[in-house]
Amino acid sequence: MQSPGQKKSIMGGVLSLLSSGPQQAGPAAPPAAGEDVVQPAAGEGALENHLGGDEARNYRKYEYDMVAPHVGRKLLEIGSGLGHFSEQFAGRLDYLVVSDNDPYCVGELRKRYDGNEDVEVLDLELPATIDIRQKVDTVVMMNVLEHIKDDVQALRDLAAVTEPGGRIVIWVPGYMQLYGDFDRKVGHVQRYTPTTLEKSVREAGLVPDVLKPINFLGGIAWWAAVRRGGAGYPDPRLVKIYDRTVIPTTRAIERIVRPPFGQTVFCVARVPN
């Protein structure tokens, strides 16, 4: 068992490792109105993939454990990448739709599910009319909504293909105080708070059943990194340290208390009956 001193030392090490580059006074400015935000290809080498890849197994389990209780039998995943997240639900789904707007990912998804009649693969960039064989009872968006300028219309488009009473599960980066160069590099239009996400959800005609910040310690670590110079490329070695220390600790804390702040905002929005 780690002593308080050891935990403090680990946390300090994580903050130090995540911080890179020259010091700056505050977070990077978000994109200006009318400024194009380019989302890089989501293939094997994409920046964001390091945050949920093999270097971050505890984080991936954290994501799954948060989302799984809200997933029904018919799932539409937005921004599927190479399909690693949705494949965790294999065996419990009657119908799966995976989607992405990156040609490499769409091609890989089509190869993966070639000949599987229970799976549809879409080349999809929201907002857009979504053409699928049948409505779903669950939509999952893992780190997708923050890339979309018209997030309200995107949510309306998703609601249109979700059964009444169905759920749209949203996982987005939290708090503009954490917005830095990394967000710009991966094409984030914004980071959310529970208040701003609730506003978009309700404007889309949805009802937030679950809405809260999560990953409290991760938020503190990321804030320190941004304030002290901006965390640029997520070095897999540093992500591994973060995954082994911060994620288990923050999960233990969040079992006891509801954090007032976090690296992520988590929402389960219901489509009205």
Side-chain angles (χ1 to χ4, degrees), residues 39-44 46-72 74-90 92-93 96-102 105-106 108-109 112 119 121-122 124-126 130 136-148 151 154-155 157-158 161-162 166-175 178 182-183 186-192 194 197 200-201 206 208 210-215 218-219 222 234 239 243 247 250-251 262-269:
Q39 180 179 352
E44 295 279 12
L47 293 178
E48 283 182 296
N49 283 358
H50 286 291
L51 299 180
D54 289 337
E55 300 86 7
R57 295 181 182 181
N58 286 327
Y59 186 78
R60 285 190 299 169
K61 188 174 189 308
Y62 184 32
E63 290 180 316
Y64 177 81
D65 289 346
M66 291 292 298
V67 172
H70 307 285
V71 173
K74 295 179 289 184
L75 172 64
L76 164 61
E77 183 186 22
I78 303 299
S80 301
L82 302 178
H84 297 315
F85 187 76
S86 55
E87 76 178 354
Q88 297 177 96
F89 298 96
R92 61 176 280 185
L93 298 174
L96 171 64
V97 186
V98 291
S99 68
D100 211 285
N101 67 339
D102 175 67
C105 291
V106 173
E108 292 301 302
L109 290 170
R112 173 184 286 240
V119 180
V121 178
L122 300 184
L124 177 65
E125 182 175 6
L126 293 171
I130 304 170
V136 296
D137 56 35
T138 314
V139 175
V140 171
M141 307 178 75
M142 304 298 291
N143 293 314
V144 173
L145 195 64
E146 68 275 9
H147 292 277
I148 303 172
D151 56 352
L155 291 171
D157 293 336
L158 294 171
V161 295
T162 305
R167 298 163 297 279
I168 299 177
V169 181
I170 306 165
W171 181 291
V172 288
Y175 298 88
L178 305 184
F182 175 79
D183 295 275
V186 298
H188 290 173
V189 175
Q190 64 174 313
R191 299 178 74 102
Y192 289 87
L197 185 54
S200 294
V201 164
L206 304 170
V210 179
L211 181 59
K212 60 184 179 180
I214 59 174
N215 196 3
W222 196 252
V239 171
D243 188 64
I247 292 299
T250 201
R251 292 196 68 174
Q263 187 181 18
T264 297
V265 177
F266 178 70
C267 176
V268 180

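We count residues from 1, following the sequence as given.
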List the residues meeting salt bridge (Lys or Arg N to Asp or Glu O under 4.0 Å) with [X], not counting sequence neighbours, and say none if there are none.
X      : answer
Arg92  : none
Arg167 : none
Lys74  : Glu163

Does any part of the side chain of [Y], heavy atoms only, come nearer than 4.5 Å to the side chain of [X], both counted from C-beta?
X      : Y      : answer
Pro194 : Pro213 : yes
Met141 : Leu155 : yes
Val71  : Leu93  : yes
Val201 : Cys267 : yes
Glu146 : Asn143 : yes
Leu206 : Leu158 : no
Val67  : Met142 : yes
Lys61  : Arg251 : yes

For this session: Verify side-chain hydrogen bond (donor to acceptor under 3.5 Å, both in side chains) between Tyr192 and Asp151, making sure each step is shown before the conclusion.
Result: CA-CA 11 Å; Tyr192 289 87; Asp151 56 352; 2.7 Å; yes

For this session: Describe, in one word, how the ring planes of Trp171 and Phe266 are oriented to each other, choosing from parallel (under 30°), tilted (30 to 60°) and perpendicular (over 60°).
Result: perpendicular

Determine the minimum heavy-atom distance between [X] and [Y], stating which atoms define it.
X      : Y      : result
Asp102 : Asp100 : N-OD1, 3.0 Å
Leu211 : Val265 : CD1-CG1, 4.1 Å
His70  : Met66  : CD2-O, 3.3 Å
Asn215 : Tyr62  : N-OH, 3.1 Å
Arg191 : Asp183 : NH1-OD1, 2.7 Å
Asp243 : Ile247 : O-CB, 3.6 Å

First locate atom [atom1] of [X], then atom [atom2] of [Y], and finally report the distance between them rounded to the nearest 0.5 Å.
X      : Y      : atom1 : atom2 : result
Leu122 : Ile78  : CG    : CD1   : 7.5 Å
Gln190 : Ile148 : CD    : CD1   : 10.5 Å
His84  : Arg60  : NE2   : CZ    : 8.0 Å
Leu124 : Ser80  : CG    : OG    : 9.5 Å
Asp137 : Thr162 : CG    : OG1   : 8.5 Å

Exercise. Between the side chain of Thr138 and the main-chain N/O of Gly72, is any donor-acceptor distance below 3.5 Å?
Worked result: yes

For this session: Could you give me the CA-CA distance, side-chain angles and deciding distance for Trp222 and Tyr175, then say whether ring pair (Phe, Tyr, Trp, His ring centres under 6.0 Å) is met?
Result: CA-CA 11 Å; Trp222 196 252; Tyr175 298 88; over 10 Å; no

Problem set entry | Stepwise side chain to side chain contact (heavy atoms under 4.5 Å, CB included) check, Thr250 with Gln263 | CA-CA 11 Å; Thr250 201; Gln263 187 181 18; over 6 Å; no

Problem set entry | side chain to side chain contact (heavy atoms under 4.5 Å, CB included) between Leu145 and Leu197, intermediate numbers included | CA-CA 10 Å; Leu145 195 64; Leu197 185 54; 3.9 Å; yes

